[in-house]
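In what follows, a single structure is set out as structure tokens and then discussed.
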Amino acid sequence: MAEPATAAPRASLSTLDAAAMLVGIVIGIGIFKTPSLVANFVPNETFFIGIWLLGGFVTFVGALCYAELGSSRPSAGGEYQFLKDAYGPKVSVLFAWARCSVIQPGAIAAVAFVLGDYANVLFNLGPYGPAIYAVIGVLVVTAVNFAGTLQGKQTQLVLALLTVAAVLVVAVAGMLAPDVARPPSQPRDFAFGAAGLAMVFVLLTYGGWNEAAYLSGELKDVKRNMVRALMLGVVVIVTLYMLINFAYLHVLGMDGLRKSNAVGADLMRIVAGANGAFVLSAIVCVTAASTLNGTIFTGARSYFALGRDVSVFHRLGIWEERGQNPANGLIVQGIIAVVLILFGSTTRDGFEAMVAYTAPVFWLFMFLVAISIIVFRVREPGRELPFRVPVYPLPPLILAAACAWMFYSALAYAGWGSIMGVVVLVIGLPLIFLQRDS
């Protein structure tokens, strides 16, 4: 881990690179897990499609907010830099600790668990197979990114294209399947609380678009391309999600969705027969690998930001000239993720444990990022911005309200795992006194 003196991030990512990274991160395993959960909390098909559209709207609004922030304050630190500029180094250092110890490694471990579960269906390694595959996945993808930013972004472009193709295959297969005679679905009474819980699952499935903020320091012509990358990525994501949800309804119906424990596998089993589960497992492995690669790529940039501002972690703030990446951050991130995988493998459901671990901390800091737009507008009224969110201040207020709702829901429904994540956040409080002078 040699320490170069002047190495720094370079603008090497195109709009397509950034959009592919965004698509690959968001379209992961959620769309094959959550639709049946959502169906159980809404009264009918119209509400089911409507709540997915509402989730797409919130995602679009969030992308607009991040386009203003990312284009006007480009940095490899992403949200870290936004929080630092808005609230000072103490808040940003606490966020960096949260992202490095809770949010990012927890997200990596969650995706790795799903990759392991489906890889074990393809080639069974026994009861510990999922954990073994999860660890291997983290190590291999970390090694690819350690080799260099070029290798990491090329891998992501390929995986994102495969992910889009895979989701399209499932969606088109479902849409083209012959109509199945089934009794009409039984409508349920509308309940606001149930709809709110459905929205939690929808926004979880759309989650990850904010990772584009961590690419702003390496995006070419960031003032113009940040909004293009975000809008392109979000349009692709919402379109694919709506197509596959229409396919689920067409093949399974509302009642079939509600009864399904593995909605994607059930669809493929009906469409492709006995080989459907195997095909779906391969598809989920592709999407999970894409998400894993994008999450590892962007996550390491947080360690770089933390190392620059907290002296005790100064070696994390090294940008390797050879690979054009935060190599030390990649190594530490991989180690923490593997430890969480080993811990999660001792619980009944490692994926749910990791989601619970990350959720409240994630939404707390995204709330602060949303409010930072208002802080900057008030503090710097004359500042020229490359992109301004339309209909200000509605977009940041909508995003902030959604974040507050998700934070409450995570604490109320996610169980002990969410408390554990908050405890780890509190453990990092002493670090706010160790940041470097700005």
Side-chain angles (χ1 to χ4, degrees), residues 9 13 18 21-22 25-26 58-59 61-108 203 206-219 222 226-227 229-230 233-234 294-310 313 316-317 326 329 333 358-377 387 389 395-396 399-400 402-404 406-407 421 425 428 431-432 435 438:
L13 300 177
M21 195 75 66
L22 182 62
I25 290 171
V26 175
V58 173
T59 300
V61 168
L64 289 175
C65 293
Y66 273 61
E68 175 171 320
L69 291 169
S71 61
S72 60
R73 302 172 187 276
S75 168
E79 292 156 316
Y80 175 90
Q81 193 63 46
F82 307 156
L83 293 170
K84 183 177 182 180
D85 291 348
Y87 308 110
K90 288 182 170 58
V91 172
S92 63
V93 165
L94 188 61
F95 167 74
W97 164 257
R99 186 167 167 88
C100 293
S101 62
V102 178
I103 298 171
Q104 208 66 13
I108 291 169
L203 288 180
Y206 276 110
W209 52 266
N210 61 298
E211 296 297 303
Y214 295 88
L215 306 177
S216 61
E218 299 165 76
L219 184 61
V222 66
M226 175 55 70
V227 64
L230 278 162
V234 167
T295 307
I296 286 174
F297 184 99
T298 57
R301 274 67 183 164
S302 300
Y303 294 82
F304 172 70
L306 179 65
R308 287 184 307 174
D309 281 3
V310 179
F313 297 131
L316 295 178
Q333 175 180 255
T358 62
V361 176
F362 171 81
W363 291 109
L364 170 64
F365 283 103
M366 184 175 280
F367 172 84
L368 293 177
V369 172
I371 297 300
S372 73
I373 295 178
I374 299 173
V375 171
F376 292 135
R377 290 286 192 101
F387 173 79
V389 293
L399 180 60
C403 293
M406 291 292 284
F407 174 75
L425 171 65
L431 293 177
I432 65 177
Q435 81 274 3
S438 300

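The structure displayed is predicted, hence computed values, not measured ones.
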What pair of heavy atoms forms the shortest contact from Pro105 to Cys100, and how long is it? CG-O, 3.2 Å
Can you list the residues that meet the side chain to side chain contact (heavy atoms under 4.5 Å, CB included) rule with Leu368, with sequence neighbours excluded? Leu83, Tyr87, Val91, Phe365
Which pair of heavy atoms, one from Phe407 and one from Pro360, lies closest together, and at what distance? CD1-O, 3.1 Å
Side chains of Glu79 and Arg99: does their closest heavy-atom pair fall under 4.5 Å? yes
Give, for atom CG of Leu94 and atom OH of Tyr80, the distance between the pair rounded to the nearest 0.5 Å. 11.0 Å
Heavy atoms only: give me the nearest Ala86-Ser372 pair and the separation to one decimal. CB-CB, 3.6 Å
Among all residues two or more places apart in sequence or in another chain, which pass the side chain to side chain contact (heavy atoms under 4.5 Å, CB included) test with Ala107? Thr295
Could you grab the distance from atom CZ of Phe82 to atom CZ of Phe376, nearest 0.5 Å is fine? 8.0 Å
Taking Arg73's backbone N and O only, do any of them form a donor-acceptor pair with Gln81's side chain (distance below 3.5 Å, no angle check)? no
Smallest separation among heavy atoms of Leu64 and Phe387, with atom names: O-CE2, 3.5 Å
Minimum heavy-atom distance between Val389 and Glu68, given as atom pair plus value: N-OE1, 2.8 Å
So which atom in Thr358 and which in Gly106 form the shortest heavy-atom distance, rounded to 0.1 Å? CG2-CA, 3.6 Å
Taking the side chain as C-beta and beyond, is there a heavy-atom pair between Leu399 and Phe367 under 4.5 Å? no
